[in-house]
Amino acid sequence: MILPAVLLMLGALTAVVGPRLLARADWPDREPVVALWAWQCVIAAVLLCCALSMTFSAAAAWRAVGGHVFTGAPGAVVEAYTLGTAGVWAHVTAVALACGGLWSAVMLVREIARARTRRRARRVELLRRAPLLPGEETASDRLVVLEGDRSDAWCLPGTPPQLVVTTAALRRLKGRQLDAVLAHERGHAQARHDWLLHCSSALAEGFPQVPVFSAFRDEMHRLVELAADDTASRRFGRLTTALALVELNEDRGVFGPGPASRADVPARVHRLLAPRERLTAGRRLRLTAVASLVPVVPLLVAFLPGLRALG
C-alpha cells in the first residue's frame, strides 16, 4: 500500500516548500494577518498528512482498525485502498506516527500548563502590588499601573485579559502614545495570539530537529507583533505608534550596535515610519483562499482512490 508513503512525502514537501515560498514572498510584512493564516495552513497540512498516513497505515496493519476506518464503505472502495498488501512497514509507520502525535499532545498540554502557572503567578503578583479597592471588580478594560523604573507595558492573557503599564512608561509616553500602546496590547488579546504562540512553541520544543516547526514558532512571534502594530496604527497613526515603541524600548539598548533580546523593534519602527502599500482587498482574498486550499490537498490525495472506485 503506497498511499501512506505518498502522504508522508507530500507532508515533507509541504514542510520544505511552504516556508521557503513564504520567506521569499514580499507580502507577509505588509499583510501579517494573512501571513499568520498562511503559516497555520502550512502547518495544518503537514500535520494532516501525518495523521492521514498514520490512519491508513494502521488500517492496513490491523484488520480491526481497518474495519472501523471503512465502516459502511462499499466493497469497491475498500479494495481500492488494497489493505491486504500491507507489510511490516505499515506497522512501523503507524506506531511511529502515533507516538509522534501523542508526543505533540503531551508537549501542547505541558506548554499550556506552564503558561497557566506563569499567568497565575503574575496575577497573584499584580494583586499584591496593585490590590483591588473596596467594591472594585476585575474588568477587561481595567488598567493596572505598577510602580517601576523600567518602561514597560503588557497584556496578561486570561478571562478577562489584564492590561498592565509601569509608571516609568507613563512618564515617557506622551499624548496618544499610551493609547497606541494599549491598543497594541488589546490587539494581542482580541486575536488570542497567546494560543498561536503556545501551539508553535509546543511543536518547536517537541520536535527541535524539524526546521518547519522552529520557523513556525519564530514567525508567529514576529508576525503577531506586526499585526498588533497595525491594529494600533490604524487607530492612532503610524508615527504615534512608532514613537511609542521607541519610548518604551529606548532604554533597553535595542537601537544600539550591541546584541539585544528585542532586536526586532528597530525593524518594526522602520516598517511603521516607511510603510509599504498594502495589498488590494482582492489580492488579500486570493492569498487567503490559496492558503486555505493547502490543507485540502492531503484530503484529496487520501480520498482519491475511493472517489475513483465510486466512478
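Sequence positions, counted from 1, serve as the residue numbers for this chain. Quick note: numbers below take in every heavy atom, side chains included, and nothing from hydrogens, waters or symmetry partners. Owing to the predicted nature of the structure, the values given are computational and were not obtained by experimental measurement.
Side-chain contact between S201 and M107 is absent, with no heavy atoms from C-beta onward closer than 4.5 Å. Within the 4.5 Å cutoff, the side chain of I112 has heavy atoms near those of the W195 side chain. At a threshold of 4.5 Å between non-hydrogen side-chain atoms, the residues E250 and R172 count as touching. For the pair P161 and L156, the minimum side-chain heavy-atom distance is 4.5 Å or more. A heavy-atom distance below 4.5 Å is found between the side chains of R268 and L245. Put simply, the side chain of L10 reaches to within 4.5 Å of the side chain of P298, judged on heavy atoms.
Distance check, rounded to the nearest 0.5 Å: CG of L52 to CG of L47 gives 11.0 Å. Distance check: D29 CG to H270 NE2 gives 10.5 Å after rounding to the nearest 0.5 Å. Rounding to the nearest 0.5 angstrom, the gap separating the CZ atom in R235 from the CG atom in L182 is 9.5 Å. The CG atom of L299 sits 11.0 Å away from atom CG of L293, with the distance rounded to the nearest 0.5 Å. Taking CG of D179 as the start and OG1 of T241 as the end, the distance is 10.5 Å to the nearest 0.5 Å. Rounding to the nearest 0.5 Å gives a distance of 10.0 Å between CG of L13 and CE of M9.
Atom CZ of R116 is surrounded by 12 or fewer heavy atoms from other residues, nucleotides or ligands within 6.0 Å. More than 12 non-hydrogen atoms from other residues, nucleotides or ligands lie less than 6.0 angstrom from CH2 of W27. For D26, the CG atom sits in a packed shell: over 12 heavy atoms of surrounding residues, nucleotides or ligands are nearer than 6.0 Å.
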R271 vs R276, side-chain contact (heavy atoms from CB on, under 4.5 Å): CA-CA, chis, key distance, verdict = CA-CA 8 Å; R271 173 178 177 270; R276 300 175 62 187; over 6 Å; no
Assess whether side-chain contact (heavy atoms from CB on, under 4.5 Å) is satisfied between V165 and D152, documenting all intermediate values.
-> CA-CA 6 Å; V165 64; D152 204 358; over 6 Å; no
Run the side-chain contact (heavy atoms from CB on, under 4.5 Å) check on T93 and L8 step by step: do they pass?
-> CA-CA 10 Å; T93 301; L8 285 179; 4.1 Å; yes
Carefully, step by step, assess L146 and T167 under the rule side-chain contact (heavy atoms from CB on, under 4.5 Å).
-> CA-CA 6 Å; L146 295 181; T167 53; over 6 Å; no
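Linking Ile, Leu, Val, Met, Phe, Trp and Tyr residues whenever their side-chain heavy atoms come within less than 4.5 Å leaves L21 and L279 in two separate clusters. Note on M54: it does not cluster hydrophobically with V301, by side-chain heavy-atom contacts below 4.5 Å among ILVMFWY residues. Linking Ile, Leu, Val, Met, Phe, Trp and Tyr whenever their side-chain heavy atoms come within less than 4.5 Å puts L239 and V246 in one cluster. No continuous path of hydrophobic side-chain contacts links L48 to I43 [ILVMFWY only; heavy atoms under 4.5 Å]. In the hydrophobic cluster analysis, where Ile, Leu, Val, Met, Phe, Trp and Tyr join through side-chain heavy atoms closer than 4.5 angstrom, W39 is grouped apart from V46.
Residues passing the side chain to side chain contact (heavy atoms under 4.5 Å, CB included) test with V294 are T14, A45, sequence neighbours excluded. Partners of R284 under the salt bridge (Lys or Arg N to Asp or Glu O under 4.0 Å) rule, at least two apart in sequence or in another chain, are E31. Listed by chain and number, the residues in a ring-ring contact (aromatic ring centres under 6.0 Å, His included) with W154 amount to none (sequence neighbours excluded). Scored by the side chain to side chain contact (heavy atoms under 4.5 Å, CB included) test, A51 finds no partners at all (sequence neighbours excluded).
Summarising the geometry of L97 relative to C50, their closest heavy-atom pair is CD1-O, 3.5 Å, with the distance given to 0.1 Å. In plain terms, the two heavy atoms of F236 and A180 that are nearest each other are CD1-CA, 3.7 Å. Between V181 and A244, the shortest heavy-atom contact is CG2-CB, 3.6 Å. The two atoms that bring P295 and C41 nearest to each other are CG-O, 3.6 Å, heavy atoms only. Taking every heavy atom of both residues into account, A153 and E185 meet most closely at O-OE2, 3.5 Å. Scanning both residues, V33 and A227, for their nearest heavy atoms gives CG2-CB, 4.1 Å.
Judged purely by atom type and a 3.5 angstrom limit, S151 has no side-chain atom pairing as donor or acceptor with the backbone of L248. In this structure, R119 contributes its side chain and P157 its backbone to a donor-acceptor pair below 3.5 Å. Proximity of a side-chain donor or acceptor of E125 to a complementary backbone N or O of A121 within less than 3.5 Å is not detected. Put simply, the side chain of R238 never gets that close to the backbone of L273: no donor and acceptor are under 3.5 Å apart. The main-chain N or O of L197 is found under 3.5 Å from a side-chain atom of S200 such that the two form a donor-acceptor pair. In terms of modelled atom types and a separation under 3.5 Å, the side chain of T166 and the main chain of G148 share no donor-acceptor contact.
Using modelled atom types and a 3.5 Å distance limit, the side chains of W89 and S57 yield no donor-acceptor pair. Judged by distance alone, the side chains of E225 and H184 do bring a donor and an acceptor atom under 3.5 Å apart. H188 and D194 form no side-chain donor-acceptor contact under 3.5 Å, judged by distance and modelled atom types alone.
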Contacts under 3.5 angstrom, residues 304-311 side chains, donor-acceptor by atom type, not counting sequence neighbours:
none

For residues 205-220, tabulate all N or O donor-acceptor pairs below 3.5 Å that involve a side-chain atom, not counting sequence neighbours.
| residue | atom | partner | partner atom | Å |
| --- | --- | --- | --- | --- |
| E205 | OE1 | R110 | NH2 | 3.1 |
| E219 | OE1 | R222 | NH2 | 2.9 |
| E219 | OE2 | R222 | NE | 3.2 |

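Using a 4.0 Å cut-off between charged side-chain N and carboxylate O, R30 and D230 make no salt bridge.
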